[in-house]
Undergrad: 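Provided herewith is a single structure, encoded as structure tokens, for subsequent inquiry.
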Amino acid sequence: MFTSKYTWQVRERTEQLSEEIKKDYKLNHLEATLLENRGFTSQRKVDEIMSPAEYNYQYMPQINDAAALIKKHLEKGSRILIYGDYDADGITSTAILYDALKSQNENVFYFIPNRMEHGYGPNYDFFEFEVVGNADLVITVDNGVAAVNEIALLKDNDIDVVIIDHHAFQEEIPDAVIVHAAFPESSYPFQALAGVGTAYKVLQSLDLAKDEYLGYVAIGTVADIVSMTDENKCLVTKGLCELNARLPLGLSSLLKMSSHSGVIDEETIGFTIAPRLNATGRMDEASIGVELLLADDENKAYEIASEIEGLNTERKALVEEIYEEAKSQVNVDNEINIVAGEDWHQGVLGIVASRLVDAYGKPAIVMTRDFDVFKGSARSVEGMDLLGVLLEYKEFCDSLGGHSQALGITVYEDSMEEFKETVTAHFNNLGLNLKPVQYIDYKITADNLTLKDFERIKRLKPFGKDFNSPVFMMANQTVKSIRQVGKDLSHIKITLQDIAIDVIGFKFGYLHKEVQPGDKISLIGTLNINDFNHKRSLQMVLMDAKIDDLQIIDMRAKNEQDFTQISKDDIFVTSDDNKGKENYFVYGEGLPIAVDTVVLRDIPYDLEDLKITMKGLQASKIIVIFNDKNELFFEGLPSKQLIEQTDEIIRNAKDASIDLTIHAPYLAKKIGTSMKNLKIITDILADLSRIRLENGIVYKDEVHSGINIENSQYLKRLTTKIEAEAKLKMSSGQNMKDYLRTLITT
């Protein structure tokens, strides 16, 4: 049994779409199923996906106050500082605000804090020593709602403040004009805008919004993993259209540097653009990300894009290094993983935390020492408000803020051990046995999904949080072929017997050890259209796999033997006495009731013994080696005539003994057989008490009756051994597996 990484949960509809809605949107059965299974069945909910709206900025709390204050400072020529954030949302937010306000006032500047030097959000020391006396208005964007003391410092020094943010409010709210869709008692129709979406609304209120800014809104919104429904879906759809129609110079250089070509969609942003923009803030100064977005010179754009590509490459290497070190600290018995290093790069700790969540299915906090504190990032699993839990233990923290699923944290050095013990105990006491849940939208059978059906779901795009790319399942399917691909054979390609959808599994190369043609397997993943040699076909990109049935791994062939799959603690079954080893059994013995892995090491002498051992076996996996140094199948057994001839030669020998160490080659040549067969013949004669074998010397016994070969128990054992070899060693893999399964169940 091969277990899945995720807990698979098939979505089931609780309500159906009305025939009127289906007709209005011309929904096919796949589109309707996806909407119904996700709970989008009312007219309003379906519209959020099929016809999302952009709402009037006038409904945004305090936006008119913010617009009036900003206009006043623009008209006065005041010194205006835009204080952004170092992720893709903050970079895009800063870029559009700066570009728009700079067109109205030359005294506009921006600042992106350094993750390591300033930390997340407004920095008190920076404000005190760099901003006070040098700015008349500070606009924080994609940060600020948790900066009570920092904002108070500005206000005390007669600096006006506008906060444009979307992060969670804490108990105390800063004294400033705050533009936030989810402000307490907000009546704004959609309260999940990203920071860049909120900034775009402010520009609309200032009558400074441009269509070209929508491309940046799409990037920041997708990158920040906010809800991809309703207004966000509308803004991202418009932004993608803008990017594909008029790609800004900086982004064009960045995409060329990453070898991307073709259509730009939400996946292009999520896997190509966003990681590179985020790398600037993780590895260096995120301000170069803003410079890239604002670049209007081709050479300058190329230069910046090259630098960002290098930072992204460096980021990947650091993540791998720290992730391996972090894994070594994980205790799999705990329900949260809290790990810390002495000199880990702070910029990639969030990525490492996400990797740990993916690997273990549990919340993760990853920190590194920073003088007298430990700073880091935390990530949670679906349904677990990690920020809410950690706020209960904020006495250990110097700072704490972010979202329920992703947040930044700083813990006092002298509280670190107590923090780890207390928070770990909190999660362990919940008894959650956490494992990440993967929701499945649609079960594919041999005839319920066509290429034409699938092509229609592009109307549901762009996908993202709260309306992710659909996950499909192919359950209990027979594997037709499976092979490792890629330079390092780390990927897998699977074809199925009954469903014409090929499967590609990136980093799933290890499945080649677990699955063989003829086996049953269940697979889940996303679908795409593979266009190869002008032939278009559906392809699944594998996310997870499991085998519910007993696994039988065929290692009979030498080139298929991978002993890394075998543990010294497995149950071994052999054909010889095992001298009392606890986990070794001989064919004919019963095995423990329930075991994990059983290794059939040797070929049994008798299939009846194998039947006794296998009957009722409850195992997850059987590894079949069926090794035998003395296979008989191809050579066969010596004939009755040959045995009788050898017996007669020995009977007529003048001496009472024959030394086989000297005379065996001559004897074998005389009777016209092999040395191997001669050994079998002498063993049969010894079994019949015609001779005695002592130290390689044959002594003829005083026997007066004729030879009766059929009475040899040794010969009978060899005969059944050949039958076992034929059944177990010479049969096809599938026939052998079917036979073993039959023995277990009968």
Side-chain angles (χ1 to χ4, degrees), residues 9-56 59 166 181-182 188-194 196-198 200-201 214-215 217-244 263-270 382 437-444 448-449 452-473 525-529:
Q9 187 165 327
V10 180
R11 299 183 193 268
E12 295 184 3
R13 68 186 184 199
T14 54
E15 295 182 24
Q16 288 183 258
L17 289 162
S18 69
E19 292 301 319
E20 183 180 358
I21 292 176
K22 291 181 184 178
K23 183 178 178 181
D24 285 347
Y25 282 112
K26 296 182 175 62
L27 300 173
N28 68 12
H29 75 282
L30 176 58
E31 293 171 309
T33 300
L34 293 178
L35 290 167
E36 288 172 343
N37 286 355
R38 296 176 176 204
F40 289 80
T41 53
S42 68
Q43 185 69 57
R44 182 182 66 82
K45 294 293 288 182
V46 172
D47 287 345
E48 288 181 5
I49 304 301
M50 303 300 298
S51 183
E54 183 178 353
Y55 298 111
N56 193 316
Y59 295 107
H166 71 121
Y188 194 73
F190 181 71
Q191 300 188 1
L193 289 172
V196 68
T198 311
Y200 183 73
K201 290 293 170 183
L214 286 167
V217 172
I219 292 170
T221 300
V222 171
D224 222 49
I225 316 179
V226 290
S227 180
M228 193 55 66
T229 60
D230 207 356
E231 188 170 24
N232 278 342
K233 203 173 194 75
C234 176
L235 292 172
V236 172
T237 300
K238 290 181 177 180
L240 290 172
C241 289
E242 187 65 29
L243 290 174
N244 283 289
V263 174
I264 299 170
D265 60 10
E266 70 272 27
E267 292 189 2
T268 311
I269 294 173
E382 183 175 353
V437 175
Q438 181 57 63
Y439 291 99
I440 297 161
D441 295 283
Y442 195 82
K443 292 186 283 187
I444 299 173
N448 73 342
L449 183 64
K452 185 177 179 180
D453 292 333
F454 178 74
E455 286 180 311
R456 289 283 296 278
I457 69 168
K458 64 185 178 183
R459 300 198 302 160
L460 306 178
K461 289 168 67 71
F463 296 116
K465 183 185 176 186
D466 296 335
F467 205 81
N468 287 312
S469 184
V471 176
F472 297 85
M473 176 171 71
T526 58
L527 292 186
N528 62 28
I529 297 174

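Numbers here are sequence positions counted from 1.
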Undergrad: Any idea which heavy atoms bring Leu193 and Ala181 closest together, and the distance?
TA: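 Smallest heavy-atom distance, with atoms named: CD1-CB, 4.4 Å.
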Undergrad: Is the shortest side-chain heavy-atom distance between Leu27 and Met50 below 4.5 Å?
TA: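 Leu27 vs Met50: side chains touch.
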Undergrad: Stepwise, does the salt bridge (Lys or Arg N to Asp or Glu O under 4.0 Å) test hold for Lys23 with Glu20?
TA: CA-CA 5 Å; Lys23 183 178 178 181; Glu20 183 180 358; over 6 Å; no
Undergrad: Who passes ring pair (Phe, Tyr, Trp, His ring centres under 6.0 Å) against Tyr439, sequence neighbours left out?
TA: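 Tyr439: no ring pair (Phe, Tyr, Trp, His ring centres under 6.0 Å) contacts found.
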Undergrad: With sequence neighbours left out, what residues match Lys461 under side chain to side chain donor-acceptor pair (under 3.5 Å)?
TA: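 For Lys461 the side chain to side chain donor-acceptor pair (under 3.5 Å) partners, ignoring immediate neighbours, are Glu266.
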Undergrad: Taking side chain to side chain donor-acceptor pair (under 3.5 Å) as the definition, give me every residue that meets it alongside Asn528, ordered by chain and number, with sequence neighbours left out.
TA: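 Only Gln539 meet the side chain to side chain donor-acceptor pair (under 3.5 Å) criterion with Asn528.
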Undergrad: Under the rule for side-chain contact (heavy atoms from CB on, under 4.5 Å), what residues qualify as partners of Glu19, not counting sequence neighbours?
TA: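 Counting only residues at least two positions away or on another chain, Glu19 forms a side-chain contact (heavy atoms from CB on, under 4.5 Å) with Lys22.
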Undergrad: What pairs meet the salt bridge (charged side-chain N to carboxylate O under 4.0 Å, His left out) rule with one or both residues in residues 217-234, with sequence neighbours excluded?
TA: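 Listed by first then second residue: Lys201-Glu231.
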Undergrad: Donor-acceptor check, side chain of Asn232 to backbone of Met228, threshold 3.5 angstrom: yes or no?
TA: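 No; zero donor-acceptor contacts below 3.5 Å.
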Undergrad: Which residues pass the side chain to side chain donor-acceptor pair (under 3.5 Å) test with Glu54, sequence neighbours left out?
TA: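 For Glu54 the side chain to side chain donor-acceptor pair (under 3.5 Å) partners, ignoring immediate neighbours, are Gln204, Lys238.
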Undergrad: Checking Asn37 now: which residues fulfil side-chain contact (heavy atoms from CB on, under 4.5 Å) with it, not counting sequence neighbours?
TA: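 Arg11, Arg13, Thr33.
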Undergrad: Could you pull out all residues at least two apart from Gln43 that satisfy side chain to side chain donor-acceptor pair (under 3.5 Å)?
TA: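 So Gln43 forms a side chain to side chain donor-acceptor pair (under 3.5 Å) with Asp47.
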Undergrad: Show the nearest heavy-atom pair for residues Glu31 and Lys26, with the distance to one decimal.
TA: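 What the structure gives for the nearest pair is OE1-O, 3.8 Å.
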Undergrad: I'd like to check the salt bridge (charged side-chain N to carboxylate O under 4.0 Å, His left out) partners of Glu15; sequence neighbours left out, ordered by chain and number.
TA: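 Here no residue qualifies.
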Undergrad: Among Ile219, Leu235, Val196, Leu243, which one satisfies side-chain contact (heavy atoms from CB on, under 4.5 Å) with Leu214?
TA: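 Testing Leu214 for a side-chain contact (heavy atoms from CB on, under 4.5 Å) against Ile219, Leu235, Val196, Leu243 leaves exactly one candidate, Leu235.
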Undergrad: side-chain contact (heavy atoms from CB on, under 4.5 Å), that's the test. Do Ile269 and Leu240 meet it? Break it down for me.
TA: CA-CA 9 Å; Ile269 294 173; Leu240 290 172; 3.8 Å; yes
Undergrad: Can you sort out the partners of Phe190 under ring pair (Phe, Tyr, Trp, His ring centres under 6.0 Å), two or more places apart, ordered by chain and number?
TA: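 None.
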Undergrad: Could you check if a side-chain atom of Leu30 sits within less than 4.5 angstrom of a side-chain atom of Arg456, using non-hydrogen atoms only?
TA: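 Leu30 does not reach Arg456 side chain to side chain.
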Undergrad: Under the rule for salt bridge (charged side-chain N to carboxylate O under 4.0 Å, His left out), what residues qualify as partners of Glu455, not counting sequence neighbours?
TA: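 With neighbours one apart ignored, the set is Arg536.
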Undergrad: For the CG atom of Asn448 and the CG atom of Asp453, what is their distance to the nearest 0.5 Å?
TA: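 One gets 8.5 Å once the value is rounded to the nearest 0.5 Å.
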Undergrad: Got a list of side-chain donor-acceptor pairs under 3.5 Å for residues 462-470, not counting sequence neighbours?
TA:
from   : atom 1 : to     : atom 2 : distance (Å)
Asp466 : OD2    : Ser227 : OG     : 2.7

Undergrad: Check the angle between the aromatic planes of Phe472 and Tyr442 and answer parallel, tilted or perpendicular using the 30° and 60° thresholds.
TA: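 Ring orientation of Phe472 relative to Tyr442: perpendicular.
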Undergrad: Nearest heavy-atom pair of Val263 and Thr268: which atoms, and what distance?
TA: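 Minimum heavy-atom separation between Val263 and Thr268: O-OG1, 3.6 Å.
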Undergrad: So, do Ile49 and Thr229 sit near enough that their side-chain heavy atoms are less than 4.5 Å apart?
TA: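 Yes, side chains in contact.
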Undergrad: Of all heavy-atom pairs between Cys234 and Ala53, which one has the smallest distance, and what is that distance?
TA: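 Looking at all heavy atoms of both residues, the closest pair is CB-O, 3.7 Å.
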Undergrad: Do Leu527 and Ile444 have side chains that approach each other closer than 4.5 Å (heavy atoms only, starting at C-beta)?
TA: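 Leu527 reaches Ile444 side chain to side chain.
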Undergrad: For Ile225, is the CD1 atom crowded, meaning more than 12 foreign heavy atoms sit under 6.0 Å from it?
TA: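 Result for CD1/Ile225: open.
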